[in-house]
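Here's the structure, in structure tokens; my notes come after.
In what follows, chains carry the letters A, B, and so on, assigned in the order in which the sequence lines appear, proteins first and then strands, with residues in each chain numbered from 1.
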Amino acid sequence: MSWITKTLTSTIGRKIIMSVTGLFLCTFLVVHLVGNLQLFKHDHGAAFNIYSHFMGTNPIIRTIEWGLVLGFGFHIYEAFALTSRNKSARGAQGYVSNHAEQNSEWTSRNMGILGTIILIFLLIHLYNFFWRARFGSLDPDINNNDDLYSLVVSSFKQWWYVVLYVAAQISLGYHLWHGFRSGFQTLGLNHRKYTPIIKYAGYVFAVVVSAAFASMPLYFFLFTNEKGELAANAPTLIHAVASAF
Amino acid sequence: MAGSNPNAKPMNLTLNVWRQPNRHTQGKIVEYKVKDISPEMSFLEMLDVLNEDLLRAGQDPVAFDHDCREGICGSCDLFINGRSHGPEKGTTTCQLHMRKFSDGDTITIEPWRATAFPVNKDLSVDRSAFDRIIQAGGYISVNTGGVPDGNEIPVPKDLADRAFEAATCIACGACVAACKNASAMLFVSAKVSQLSLLPQGQPERKTRVENMVAQMDKEGFGACSNIGSCAAECPVGISLENIAILNREFLTAKATSNNLA
Ligand code: HEM
Ligand code: FES
């Protein structure tokens with residue numbers, strides 16, 4: 001093995017890959033979220049469909065997409081590699097009595113479970129939207145773009161789909177609650193001036209990102225009709241917020 | 001007992017103790033009763049009472065590690081009621097007192113659990129993996145010759161303090177025991193940051209971290225998930241900042257050392 005592979009397969013090296021890919025995925029989340037906010041526009045999906053057409057065809061985006069595939073690939077691969085190594089480090093005989101809840105946070109000890117829920121969600125999510133948009137045939141919208149918007153709205157009218165999305169976003173929120181700050185620590189970015197800021201920025205990031213993603217299926221399920229139009233009898237608060245888009 | 005408190009009521013306790021004849025035989029929890037335990041005893045003295053009872057009854061006493069009994073040597077590696085060194089913060093087992101428990105309590109006592117720390121017998125574990133990690137690089141070379149002047153090498157107070165804090169690690173292994181991944185990162189990081197913060201540690205700075213991490217991995221310890229159980233259970237309060245220092249020392253060394261292996 002060369003020094004490079006030795007470095008990257010050491011415990012610290014694997015964690016560095018985990019952290020770099022994890023923080024990269026955080027930037028992806030921001031882009032994905034901001035783009036998807038167009039679902040809330042009251043234009044029957046015209047802007048959203050233009051955006052998704054752009055994301056699916058622009059050569060620069062399509063190149064970066066490979067980076068995203070690699071980012072997810074390495075993050076998930078290292079998740080399994082590290083988890084299995086860490087399990088065998090404890091050994092076959094575990095503790096009869098172990099009160100880890102008295103010395104650490106639940107989220108930090110359950111990143112693997114949270115990640116696996118995200119992974120299952122991801123596969124279903126990709127199949128339903130990405131796969132069909134890229135390789136399936138969708139009806140055209142008024143601008144003759146593929147009408148991904150209608151597929152989103154009809155998907156979010158199914159209760160089990162909404163439950164899946166909300167559960168996945170809760171898992172993502174917890175994953176990031178620990179993961180955001182953990183990623184910086186893994187890279188050695190710990191300083192008494194900045195670490196408290198990173199910690200709270202991570203909490204805000206985790207809550208805002210997961211809540212904003214979860215708001216999309218909930219909005220369509222609870223407050224719109226089959227076409228994605230805001231129902232007249234939706235609460236005034238929702239009308240007030242929706243009018244901002 | 002000299003200076004003992006006459007109001008301290010003796011306690012009767014149930015102990016669930018891990019018994020294992022040797023490294024290669026499966027162990028199990030065995031229940032024992034101990035009577036008239038003074039709240040002023042240390043936890044180890046309570047185990048001494050149990051062992052005297054066992055000896056009187058012609059049974060094999062419980063093997064457990066201990067030496068200084070004053071929180072310095074780090075030998076007393078007991079996992080008590082699901083916590084390294086028991087429920088009290090910032091103490092070793094020998095510094096844990098029975099007044100932290102109440103009459104009638106059931107206490108579960110297990111050895112450290114890590115593949116790299118095999119059980120010798122009962123509660124006694126082999127922590128020589130730590131020695132091998134230190135041998136791999138946790139030292140500085142001091143050349144022979146005249147004694148250097150004490151103030152010849154300037155060390156800023158701030159760095160001296162941080163290095164000293166890291167140097168207080170007593171290698172007890174509570175971090176490994178508490179960690180979900182049985183990771184030795186807090187232990188290794190304490191030594192790496194202690195020596196890399198000081199001028200005396202500079203000559204071996206890169207080889208040290210490379211070799212210590214390689215040995216840590218070879219011994220079979222897990223990776224760090226930044227959970228923080230280790231620092232929470234550390235009897236001397238080694239902080240997680242040291243692990244960040246270890247990560248960046250490792251990355252810098254790997255990226256810039258002349259070692260191609
Ligand atoms: C958008 C999706 C995701 C994001 C933004 C994300 C982000 C992160 C971040 C920032 C970390 C902290 C890295 C560190 O501790 O240095 C992390 C850790 C982790 N992630 Fe993810 N992750 C995502 C998806 C996944 C998936 C799909 C899986 C699993 C199969 C997964 C499994 C893990 C595990 C197990 C850890 C902890 C590793 C350890 O510390 O031992 N993650 N993630
Ligand atoms: S016996 Fe030495 S630290 Fe407890």
Side-chain angles (χ1 to χ4, degrees), chain A residues 1-4 6-20 78-79 81-112 178-192 194-195, chain B residues 16 18 20 26-27 29 79-84 87 108 110 113-119 176-185 210 213-214 216-217 220-233 240-252 254-255 257 259-261:
Chain A
M1 271 198 291
S2 78
W3 69 271
I4 298 176
K6 265 194 194 155
T7 304
L8 296 180
T9 53
S10 67
T11 46
I12 298 182
R14 287 192 187 282
K15 274 299 315 241
I16 287 169
I17 296 176
M18 201 74 210
S19 147
V20 170
E78 294 298 350
L82 279 168
T83 305
S84 82
R85 183 188 166 101
N86 293 342
K87 276 215 157 68
S88 62
R90 167 64 73 231
Q93 176 64 55
Y95 290 110
V96 175
S97 160
N98 189 359
H99 287 290
E101 78 286 354
Q102 293 173 5
N103 60 34
S104 54
E105 279 188 12
W106 183 87
T107 55
S108 68
R109 299 189 309 271
N110 290 282
M111 293 296 277
H178 173 69
F180 190 89
R181 117 178 90 124
S182 174
F184 285 86
Q185 166 82 0
T186 301
L187 294 178
L189 301 173
N190 181 312
H191 190 282
R192 51 198 69 186
Y194 306 111
T195 298
Chain B
N16 285 327
W18 184 262
Q20 181 171 336
Q26 176 60 35
I29 291 280
F79 205 74
I80 302 161
N81 279 349
R83 305 278 302 275
S84 298
T108 304
E110 298 175 77
R113 296 286 184 202
T115 308
F117 287 165
V119 174
V176 173
C179 176
K180 175 174 171 281
N181 308 338
S183 172
M185 289 281 282
E210 290 187 324
V213 170
M216 168 184 95
D217 285 357
F221 292 105
C224 176
S225 294
N226 302 322
I227 294 170
S229 307
C230 53
E233 298 292 15
L240 290 180
E241 189 190 347
N242 292 298
I243 295 187
I245 294 176
L246 170 61
N247 288 336
R248 65 177 185 255
E249 286 290 323
F250 178 77
L251 200 56
T252 316
K254 281 293 180 191
S257 79
N259 176 18
L260 291 176

* Asked: Are the side chain of A:Thr83 and the backbone of A:Ala79 linked by a donor-acceptor contact shorter than 3.5 Å?
  -> yes

* Check whether any side-chain N or O of A:Arg181 sits under 3.5 Å from a backbone N or O of A:Thr195 as a donor-acceptor pair, and report yes or no. => no

* To do: Would you mind checking which part of A:Arg14 comes under 4.5 Å of any heavy atom in chain B, side chain (CB onward), backbone (N, CA, C, O), both or neither?
  => neither

* To do: Tell me, for A:Ser88 versus chain B, whether the close heavy atoms (under 4.5 Å) come from the side chain, the backbone, both or neither.
  => backbone

Can you tell which of [options] has the highest number of heavy-atom pairs within less than 4.5 Å of chain A?
| options | result |
| --- | --- |
| B:Ser257, B:Ala232, B:Ser225 | B:Ser225 |
| B:Val176, B:Asn259, B:Asn181, B:Asn16 | B:Asn181 |
| B:Ile29, B:Asn81, B:Asp217, B:Thr108 | B:Asp217 |
| B:Ile245, B:Leu240, B:Ile80 | B:Leu240 |

* What residue in A:Ile16, A:Leu82, A:Thr7 has the most heavy-atom pairs under 4.5 Å with chain B? -> A:Thr7

* What residue in A:Glu105, A:Arg192, A:Met111 has the most heavy-atom pairs under 4.5 Å with chain B? -> A:Arg192

* Asked: So, A:Arg109 versus A:Ser104: side-chain donor-acceptor pair below 3.5 Å or not?
  -> yes

* To do: Using a 4.5 Å cut-off on heavy atoms from C-beta on, say whether the side chain of B:Lys180 contacts that of A:Asn86.
  => no

* To do: Anything under 30° is parallel, anything over 60° is perpendicular, the rest tilted; go ahead and classify B:Phe221 against B:Phe117.
  => perpendicular

* Which atom names give the shortest non-hydrogen contact between A:Ala89 and B:Gly222, and what distance separates them? -> CB-N, 3.4 Å

* Which atom of B:Ala182 lies closest to which atom of B:Arg113, heavy atoms considered -> CB-O, 4.2 Å

* **chain A contact via B:Glu241 - which portion, at a heavy-atom distance below 4.5 Å** => both

* Is it the backbone or the side chain of B:Glu249 that comes under 4.5 Å from a heavy atom of chain A, or both, or neither? -> neither

